> 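Quick one: structure below, then a few questions.
Computed from heavy atoms alone, side chains included, the values below leave out hydrogens, waters and symmetry copies. This is a predicted model, so every value here is computed, not measured.
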Amino acid sequence: MAKKNKTAITPTREQDYPGWYQEVVKASDMAENSPVRGCMVIKPWGYALWENIMHKMDGMFKETGVKNAYFPLFIPLSYLEKEAEHVEGFAKECAVVTHHKLEKDGEGGLKPAGKLSEPLIVRPTSETIIGESMARWTASYRDLPLVLNQWANVVRWEMRTRMFLRTSEFLWQEGHTAHATEQEAKERTMLMLDVYTKFVEEYLAIPVIRGRKTASERFPGADDTTCIEAMMQDKRALQVGTSHFLGQNFARGSDIKFQNEEGKEEYAWTTSWGTSTRMIGGMIMVHSDDDGLVLPPRVAPAHVVIFPIFKKGEDKRTVMESALGLKDALGEKQFHDRKIQVEIDDRDIGGARGWDWVKKGVPVRIELGPRDIAQNSVFMARRDEASNKKQSMNREEFIKKITDILDNIQDNLFNRAVNFRKENTFEIDDQKEFYKLYEKSRGCNNGAFVMAHWCGSQKCEEKIKKDLSVTIRCIPFDSPTEEGHCICCDNSSSRRVVFAKAY
RNA sequence: CGGGAUGUGGCUCAGUCUGGUAGAGCACAGCGUUCGGGACGCUGGGGCCGGAGGUUCGAAUCCUCUCAUCCCGACCA
């Protein structure tokens with residue numbers, strides 16, 4: 001039979017970007033929707049990816065002196081009230097636990113019973129409960145800094161959810177630190193943003209813009225929120241990670257005090273920083289194509305998949321032996337932090353087998369049949385190239401070059417993303433042009449990143465958001481000082497900021 | 001919380017208007033032929049039609065209530 005579709009994924013990105021995204025997640029076997037509204041089941045292929053992310057990031061954190069700990073899932077309601085802006089930001093999306101048991105309702109079902117004297121909320125983030133511990137642990141400047149992190153799940157009762165990008169429950173890491181000086185806390189905020197930048201660019205192959213959030217986009221309760229922002233293939237922005245300088249706001253709320261060297265009591269300076277499974281959503285939207293997921297080799301759950309090919313029964317043993325031998329030889333090789341990971345798929349399902357792994361995004365696919373074995377070669381396809389482009393390679397040469405090939409794929413994905421962003425980032429100074437660009441955007445085309453001048457007033461920011469659903473993603477650290485006029489009100493401005501539609 | 005829609009096998013849906021033995025495609029299992037770009041044939045397993053009540057000799061189909069989900073809006077680090 002002729003192939004039914006030109007692409008493995010329908011709809012394509014061009015036809016229906018959100019639909020494409022959902023299909024890629026499903027077709028790659030990473031995750032699926034669960035019976036619980038807004039929550040997802042992360043399947044082994046998706047979770048292995050998360051494990052790789054966790055493992056690498058955790059190591060990078062620890063190199064900077066971070067210690068892991070674990071704090072409760074439940075937070076007393078009164079804790080949330082300790083920081084005024086914090087309440088404001090999270091109250092609308094909290095799951096609340098009000099009872100501690102169930103009893104028979106007399107109609108064959110169960111009903112909640114045992115009302116709690118104080119309701120508990122399921123953590124939407126842990127500043128307040130960790131602050132409570134920090135307050136008890138901190139008596140002297142000698143107890144500082146506290147540099148903690150936890151890998152956990154959090155719940156934010158979202159109205160509208162999309163797998164990995166926004167779910168009611170999600171997995172993340174949240175770092176929380178307390179310092180004796182403002183300077184040190186600010187340095188930690190930037191240090192962690194550096195770690196995030198390095199991880200996201202080098203491992204997920206996603207180029208990011210580093211910058212500062214405007215007051216209205218700041219974390220509730222923070223003095224300063226820094227972030228890394230990336231462009232998706234529909235030209236919308238996704239915040240991939242954030243790091244907050246919390247000043248003394250939470251220290252006051254949670255009473256984190258210490259005696260300084262002069263014996264005087266002071267409030268500590270705190271930070272918090274986080275990345276979540278949302279990064280996976282970003283990785284999908286940056287690299288994947290109309291044939292499905294494309295995994296950057298440095299985080300891929302498997303680097304290579306081997307398809308043994310045999311027609312007759314007697315071929316099977318030789319081919320399988322050869323495939324296992326190849327797997328072992330590759331498995332000896334070191335690719336950065338890990339050994340090369342190889343899957344062998346010997347399912348007898350014809351051509352569908354190859355497409356399965358294209359959709360799963362494995363960087364390198366190898367077809368290995370009697371012909372290749374006779375010539376001591378392998379037939380290789382790369383996921384970053386057209387799916388029908390395959391090349392025969394000498395087997396030993398392939399083994400020797402596999403790490404180079406994987407590095408090359410990794411670089412290629414990153415460079416491609418950099419170029420895409422470059423092609424879709426514009427400096428605009430004319431308001432009409434700015435409006436025209438975003439007004440005509442729809443579907444896969446959500447405009448662009450626009451570097452434009454902004455006077456700094458919240459009014460202008462709000463007007464643009466209201467008119468165009470376009471927000472200031474960040475004030476980039478590296479944007480040079482230059483004279484210009486606000487894209488909205490024409491008042492003078494000294495630097496450009498990044499405008500985009502956001503996820 | 002407003003507006004609109006939909007609940008039938010694992011998935012996508014037909015059947016409902018006009019009540020009469022629960023269907024198709026895909027997926028799954030077995031056998032055979034295939035196999036280096038999404039194979040084909042035959043056979044087979046699987047559903048008290050979201051739930052409760054009502055009308056009727058008879059309800060997936062008509063009526064009432066209820067639950068759930070999806071879309072649009074509002075909301076959203």
> Would the base of B/A77 count as contacting A/R156 through its side chain, where contact means a donor and an acceptor less than 3.5 Å apart?
yes

> Can a salt bridge be assigned to the pair A/E182 and A/K186 using a cut-off of 4.0 Å between side-chain N and carboxylate O?
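Yes, charged N to carboxylate O under 4.0 Å.
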
> What I want to find out is whether A/E229 reaches A/K213 closely enough, with some N-O distance under 4.0 Å, to be called a salt bridge.
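So A/E229 pairs with A/K213 through a salt bridge.
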
> Does any nucleotide pair with B/C11 by Watson-Crick or G-U wobble geometry, both distances under 3.5 Å, and what is it?
B/G25

> Checking base pairs now: Watson-Crick or wobble, both atom distances under 3.5 Å. What partners B/G47?
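B/G47 is unpaired by these criteria.
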
> CD of A/E93 versus P of B/A74: gap in Å, rounded?
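Rounding to the nearest Å, CD of A/E93 and P of B/A74 are 17 Å apart.
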
> Does a salt bridge link A/D194 with A/R210, judged by any charged N lying under 4.0 Å from a carboxylate O?
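A salt bridge is present here (some side-chain N lies under 4.0 Å from a carboxylate O).
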
> So, for A/G241 and A/T275, which heavy atoms are closest and what is the spacing to 0.1 Å?
CA-CG2, 3.9 Å

> Does B/G38 have a Watson-Crick or wobble mate here (both distances under 3.5 Å), and if so which one?
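B/G38 is unpaired by these criteria.
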
> Taking the same atom, C1', in B/A60 and in B/G19, what whole-Å distance lies between them?
10 Å

> Can you find a donor-acceptor pair, distance only, under 3.5 Å between A/D372 side chain and B/G36 base?
yes

> Which base, if any, makes a Watson-Crick or G-U wobble pair with B/C70, both distances under 3.5 Å?
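Here B/C70 is engaged in a pair, and the nucleotide opposite it is B/G4.
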
